[in-house]
Amino acid sequence: MPQTPHYLIDLARLRENMDKIAHLREASGARALLALKCFATWSVFDHMRDFMDGTTSSSLYELRLGRETFGKETHAYSVAWADHEIDEAIGYADKIIFNSLGQLDRFSDRAEAAGIAAGLRLNPRFSTSGFDLADPARPFSRLGEWDMARLEQALDRISGVMIHYNCENADFDLFDRQLTRIEDEFGALLHRLDWVSLGGGIHFTGQGYPLDRLAARLRAFQDRFGVQAYLEPGEASITETTTLEVSVLDIIDNGKQIAIVDSSTEAHMLDLLIYRQDAKLPDEGPHEYQIAGKTCLAGDIFGTARLARPLEVGDRISIRDAAGYTMVKKNWFNGVAMPAIAHRHEDGTIRTVRSFDYDDYKASLS
Ligand SMILES: *Cc1c(COP(=O)(O)O)cnc(C)c1O
């Protein structure tokens, strides 16, 4: 058993998600690309590659990682490419998706010269995001073009569009209605394209999601417009596959029982702070503890755990759902030991694939 803290990826759980993705691809004809900004832990790509079509990216480094470690179809997107990045990016990409007409004007001839497909991000001006911070349709959003005249200007240089507007959307009927809105508002444009990426944010690997209704809807969309649809699942690919394993270092009673663990929200589960959410902690019995991190940030609190037995120093706690937007954001705040990365294999054995030490901390600055 590796030392704590570590992220523990359960390969059997990952396989369940992969089976759903493979089924959706087969039943719908749509392709599925892993969104690396959500999850880029490449040590498990051998367990994902056969079930997905490739990767999509949000920067040159993600793009290169996708090409090098996942392979297959590799989409390149960035909110803005720099002049010094573009040729290298085109060298890794099968398709390059520009965020604005300005970027398309600047770089599309290079994509064309290299013989790769170019696309543009289309912003439909609605989304399912409940957080302003993460809402691509927020007022004055810089994510994609929406004006029909501007989209028309791009048409002779693009073969497809990327439309990312869902966020952990577990409601198929809402997805269906919004796709209909896209069909109604942008249908004339879609008819003239070869491919349409519907982005990520569809929670189709969740319990009880009507996968076959989604497959039928995607097939109808593709048939109607004569396009190849792509999905870009990030969170849906790895949801509920991973835990952050921590140990109790101290127990304090300051009017509340507080267990301090060898980890930190800010360093190891940053999104909890950004989105003001509680960690998914054990809920098993009457003994209640606030689970808190070991940094000197006063609000470094994971949430409340309810346990069957009183906690003791040295006890282990598993914090659920620690893959998406978590491992990609870990950092060295407070110099807290970086969680190792371990795999739980289908036969139950646990193997550490990466651990970090003082030299990694030191090398992260100079
Ligand atoms: C973030 C993002 C994704 C992945 O979103 P999930 O909610 O993790 O599925 C896919 N495509 C684009 C363009 C994104 O920005």
Side-chain angles (χ1 to χ4, degrees), residues 14 17-18 20-21 24-25 30-41 48 51-63 65-66 70 73-81 89 93 95-100 103 119-131 133-138 141-146 160-172 174-175 178 182 195-206 209 211 214 218 229-242 270-271 274-275 277 321-329:
L14 182 63
N17 290 354
M18 291 298 111
K20 288 182 184 173
I21 293 177
L24 179 67
R25 287 163 64 224
R31 297 187 191 156
L33 306 175
L34 175 66
L36 293 173
K37 87 164 194 282
C38 171
F39 182 77
T41 310
M48 304 175 81
F51 304 87
M52 302 185 75
D53 294 282
T55 57
T56 188
S57 51
S58 35
S59 64
L60 179 62
Y61 287 172
E62 282 187 2
L63 168 62
L65 187 80
F70 201 107
E73 195 167 344
T74 306
H75 283 199
Y77 166 73
S78 173
V79 169
W81 298 102
K95 287 188 179 68
I96 187 159
I97 299 159
F98 297 104
N99 183 64
S100 71
Q103 285 256 308
L120 187 63
R121 181 165 181 171
L122 189 163
N123 187 330
R125 301 176 89 196
F126 52 80
S127 82
T128 68
S129 178
F131 290 98
L133 180 66
D135 181 2
R138 62 189 269 143
S141 172
R142 73 201 192 295
L143 302 173
E145 299 281 0
W146 50 266
V161 291
M162 185 267 281
I163 319 173
H164 174 68
Y165 60 105
N166 284 282
C167 181
E168 294 198 36
N169 180 9
D171 178 349
F172 170 76
L174 176 60
F175 171 79
Q178 290 196 331
I182 288 172
W195 55 273
V196 174
S197 174
L198 296 170
I202 309 169
H203 205 60
F204 64 84
T205 51
Y209 191 93
L211 213 49
L214 176 63
L218 292 170
Y230 287 86
L231 301 176
E232 303 176 353
E235 186 63 49
S237 306
I238 43 68
T239 191
E240 293 285 357
T241 60
T242 300
L270 183 59
D271 267 14
I274 295 178
Y275 295 102
Q277 288 170 334
D321 221 3
Y325 301 100
T326 307
M327 303 173 82
V328 290
K329 294 192 178 191

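For this chain, numbers begin at 1 and follow the sequence in order. Every number for a ligand or one of its atoms is a count from 1 in the order of the listing.
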Could you tell me how the ring of Y209 sits relative to the ring of F204: parallel (under 30°), tilted (30 to 60°) or perpendicular (over 60°)?
perpendicular
Run the ring-ring contact (aromatic ring centres under 6.0 Å, His included) test on H164 and Y77 for me, step by step, so that the C-alpha distance in whole Å, both residues' side-chain angles and the decisive distance to 0.1 Å come before the verdict.
CA-CA 12 Å; H164 174 68; Y77 166 73; 8.9 Å; no
Exam field: side chain D53 to backbone L33, donor-acceptor pair closer than 3.5 Å:
no
Heavy-atom contacts with ligand 1 below 4.0 Å: which residues, ordered by chain and residue number?
A35, K37, C38, M162, H164, G200, G201, E232, P233, G234, E235, Y325
Qualifying residue, where the test is side chain to side chain contact (heavy atoms under 4.5 Å, CB included) with Q178 and the options are D171, N166, L198
N166
Measure the shortest side-chain to side-chain distance between P136 and R121 over non-hydrogen atoms and say whether it is less than 4.5 angstrom.
yes
Check this for me: Y275, atom OH, are more than 12 non-hydrogen atoms of other residues, nucleotides or ligands nearer than 6.0 Å?
yes
